[in-house]
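Below: one structure, written as structure tokens.
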Amino acid sequence: MADLQPVRGTHDLLPDDMRAHRHVSDTARGTAALHGFDEIATPIFEFTNVFARTLGDTSDVVTKEMYTFEDKGGDMLTLRPENTAGVCRAFISNGLAQHAPVKYFYSGPMFRHERPQKGRLRQFHQIGIELIGAAQPLADVEAIACGHAILTDLGVVDKTVLELNTLGDTDSRAAYREALVEYFQGHLDKLSTESKDRLTRNPMRILDSKDEGDRKIVADAPIFSDYLNTESVDFFAAVKSGLDALGIKYTLNPRLVRGLDYYCHTAFEFTTDALGAQSAVMAGGRYDGLIGMLGGQETPGVGWAAGIERLAMLSGATPTADRPIVIVPMGEAAEAQALALTRTLRNAGLRTEFAFSGNMKKRMKHANKVNAWAAIILGDEELSKGVAQVKTLDDGEQKEVAMANLSAALPLLRAGDRG
RNA sequence: GUGGCUGUAGUUCAGCUGGUUAGAAUGCCGGAUUGUGAUUCCGGAGGUCGUGGGUUCAAGCCCCAUCAGCCACCCCA
């Protein structure tokens, strides 16, 4: 066992992992593009303020999970724990308000100092979309529809449930919050220690508590829907009817709240029970206050993020690498010829490798080991005749093909093999 | 951050109540005569038993610490 361990909660993506990973991000990128979301990339680190200001100083992410450090110039920087704040910062920095509404897709690493578990890493990867500058409920529907389509394309949508809730607008939320605090204050002695803490930091979180004592108290707590104003109710109704129109199923979950302060109105989460305690696969919502908090002109936005590792685990699909052709030259003259041939075949778009060491047996073995679908054998005899022996490895059949015809003939020989 | 389980060859694991040179499978390397792989046969390399202390005549097995993985909580993707 090597004594050099990777940093806790980080993972190497070896080719098999990488392919599974790419399968998720490539599929998502393609489907997002189909929905009009173009890819952007923002820096992996930002000034700490970008996150501290937007995520709120009560959230767990900010208070204990960020990788924050001072750089050599004395600036406080933070490795991004999520990408929405970065995208909104970019929106402001680049004066993109003039192009609003804009639709962006992103994919990349995020960092959170949490205790690792399966499906929960310190460096993990997310895909996500942001739709900035559209205040209409249809924008929320569009964002959810895009996410739903991606889950469908990945073949995991059946393993998930779309949970939906509204957090209302600022007024509704403030009124409800006040009522909640007042209610729980009256039951302070019976609340769990954790929930007492939540009461000051994020009272709505108490609704989600797993503590039995808490649950009893929660049962009689004020209900959010009683505090929603007409605007909030109408907005939510529009989102729901949009989803209905698209045939996207959802279940209402009044307990679905958000740890991050900037969310309002629509909150949604595609959850699964296939990943243990890590049930959230794709989560998002509306964040109308975020850009204002960052110092930009008040601009509405909606989006979601999804964990690539979790999606990859859910889908279980591990695409295999394209099988190569291996050229097996015997003798110096053949090796020179083989080099030229690799180039010809590669130019023709055929994945080609060169078995350059050992006797013929070794080279054939190599071809087998790299899972080649065909070996091209080139020796003195073949050279003198201007041909090559093409052996298809699955059926063991060998055919003589004129050198000049190789790149045209190979795809036909492979037609029977679609590995 | 809190609590619990686990940690033996590249990989998956075995190793009896502590007792001589720690095993298997698979993988890897080499061989079974000349230009043919994946099957078969033979041979070989590879582990300071996560790491550091301690108890003991003696520790992979016991104790402590530490690191990592996993599970639950917390939180979240």
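In what follows, chains are A, B, ... by sequence order, proteins preceding strands, each numbered from 1.
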Inset, instruction - Applying ring pair (Phe, Tyr, Trp, His ring centres under 6.0 Å), name anything that partners Y176(A), two or more places apart in sequence or on another chain. - result: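 Checked Y176(A) against ring pair (Phe, Tyr, Trp, His ring centres under 6.0 Å); matches are F224(A), Y227(A).
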
Legend entry - Spacing of I327(A) atom CD1 and L378(A) atom CG [to the nearest 0.5 Å]: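 Atom-to-atom, I327(A):CD1 and L378(A):CG are 7.0 Å apart.
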
[X] has an atom [atom1]; how far is it from atom [atom2] of [N], in whole Å?
X: N368(A); N: C29(B); atom1: CG; atom2: C1'; value: 16 Å
X: E309(A); N: A77(B); atom1: CD; atom2: P; value: 13 Å
X: L256(A); N: A77(B); atom1: CG; atom2: C1'; value: 14 Å
X: R112(A); N: C75(B); atom1: CZ; atom2: C1'; value: 9 Å
X: R122(A); N: C67(B); atom1: CZ; atom2: P; value: 11 Å
X: I206(A); N: C74(B); atom1: CD1; atom2: P; value: 13 Å
X: Q126(A); N: C75(B); atom1: CD; atom2: C1'; value: 14 Å
X: D12(A); N: U11(B); atom1: CG; atom2: P; value: 13 Å

For a 4.5 angstrom cut-off between non-hydrogen side-chain atoms, does [X] reach [Y]?
X: L410(A); Y: W373(A); result: yes
X: I150(A); Y: C146(A); result: yes
X: H11(A); Y: D17(A); result: no

Is there a donor-acceptor contact under 3.5 Å from the side chain of [X] to the main chain of [Y]?
X: R112(A); Y: E65(A); answer: no
X: R80(A); Y: E46(A); answer: no
X: K103(A); Y: H35(A); answer: yes

Between [M] and [N], how far apart are the [atom1] atoms? Round to whole Å, please.
N: A9(B); M: C71(B); atom1: C1'; result: 28 Å
N: C16(B); M: U55(B); atom1: C1'; result: 22 Å
N: G60(B); M: A14(B); atom1: C1'; result: 12 Å
N: G10(B); M: C29(B); atom1: C1'; result: 13 Å
N: A72(B); M: C28(B); atom1: P; result: 36 Å
N: A45(B); M: G27(B); atom1: C1'; result: 13 Å
N: A59(B); M: U17(B); atom1: C1'; result: 14 Å
N: G50(B); M: U26(B); atom1: C1'; result: 23 Å

Using a 4.0 Å heavy-atom cut-off across all strands, classify [X] as base, sugar-phosphate, or nothing.
X: R363(A); answer: nothing
X: M282(A); answer: sugar-phosphate
X: G9(A); answer: sugar-phosphate
X: A283(A); answer: sugar-phosphate
X: G396(A); answer: base

Would you tabulate the nitrogen or oxygen pairs shorter than 3.5 Å linking the protein to nucleotides 70-72 of chain B?
{"from": "C71(B)", "atom 1": "OP2", "to": "K118(A)", "atom 2": "N", "distance (Å)": "2.6"}
{"from": "A72(B)", "atom 1": "OP1", "to": "A277(A)", "atom 2": "N", "distance (Å)": "3.4"}
{"from": "A72(B)", "atom 1": "OP2", "to": "Q117(A)", "atom 2": "NE2", "distance (Å)": "3.1"}

Legend entry - Other residues, nucleotides, ligands: >12 heavy atoms within 6.0 Å of F356(A) CZ: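 Check fails, neighbour count at 12 or below.
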
Inset, instruction - State whether the number of non-hydrogen atoms from other residues, nucleotides or ligands found under 6.0 Å of K118(A) atom NZ is greater than 12. - result: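 It does not: K118(A) NZ has 12 such atoms or fewer within range.
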
Legend entry - Side-chain N or O of K369(A) closer than 4.0 Å to phosphate OP1/OP2 of C29(B):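 Looking at the OP1 and OP2 atoms of C29(B), one of them is under 4.0 Å from a side-chain N or O of K369(A).
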
Modelled atom types, side-chain donor and acceptor of [X] and [Y], under 3.5 Å:
X: R173(A); Y: T170(A); value: no
X: S192(A); Y: D214(A); value: yes
X: T68(A); Y: T78(A); value: yes
X: S172(A); Y: S232(A); value: yes

Legend entry - Residue pairs involving residues 267-280 of chain A (criterion salt bridge (charged side-chain N to carboxylate O under 4.0 Å, His left out); sequence neighbours excluded):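 Non-adjacent pairs meeting salt bridge (charged side-chain N to carboxylate O under 4.0 Å, His left out): R258(A)-E269(A).
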
Inset, instruction - Go ahead and write out RNA chain B as dot-bracket, 5' to 3': ( ) for pairs within the strand, [ ] for ones crossing earlier pairs, | when the partner sits on another strand, dots for unpaired; Watson-Crick or G-U wobble, both distances under 3.5 Å. - result: (((((((..((((.....[...)))).(((((.......))))).....(((((..]....))))))))))))....

Legend entry - Upstream residue (5' side of RNA chain B) when R198(A) and V7(A) are each assigned their closest nucleotide: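 The answer here is V7(A).
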
Legend entry - Listed nucleotide nearest any side-chain atom of K365(A), set A77(B), A38(B), C75(B):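 The answer is A38(B), which lies nearest to the side chain.
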
Review item, nucleotides 33-35 of chain B N/O atoms under 3.5 Å of protein N/O:
{"from": "G35(B)", "atom 1": "O6", "to": "E381(A)", "atom 2": "N", "distance (Å)": "3.4"}
{"from": "G35(B)", "atom 1": "O6", "to": "E382(A)", "atom 2": "OE1", "distance (Å)": "3.4"}
{"from": "G35(B)", "atom 1": "N1", "to": "E382(A)", "atom 2": "OE1", "distance (Å)": "2.9"}
{"from": "G35(B)", "atom 1": "N1", "to": "E382(A)", "atom 2": "OE2", "distance (Å)": "3.1"}
{"from": "G35(B)", "atom 1": "N2", "to": "E382(A)", "atom 2": "OE2", "distance (Å)": "3.0"}

Inset, instruction - Quick one: closest heavy-atom pair of L294(A) and R89(A), and the distance? - result: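 It is CD1-N, 3.6 Å.
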
Inset, instruction - Check each residue of residues 149-157 of chain A for a non-hydrogen atom within less than 4.0 Å of any atom in RNA chain B, then write out the ones that pass by number, or none. - result: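 Within this stretch, nothing sits under 4.0 Å of the strand.
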
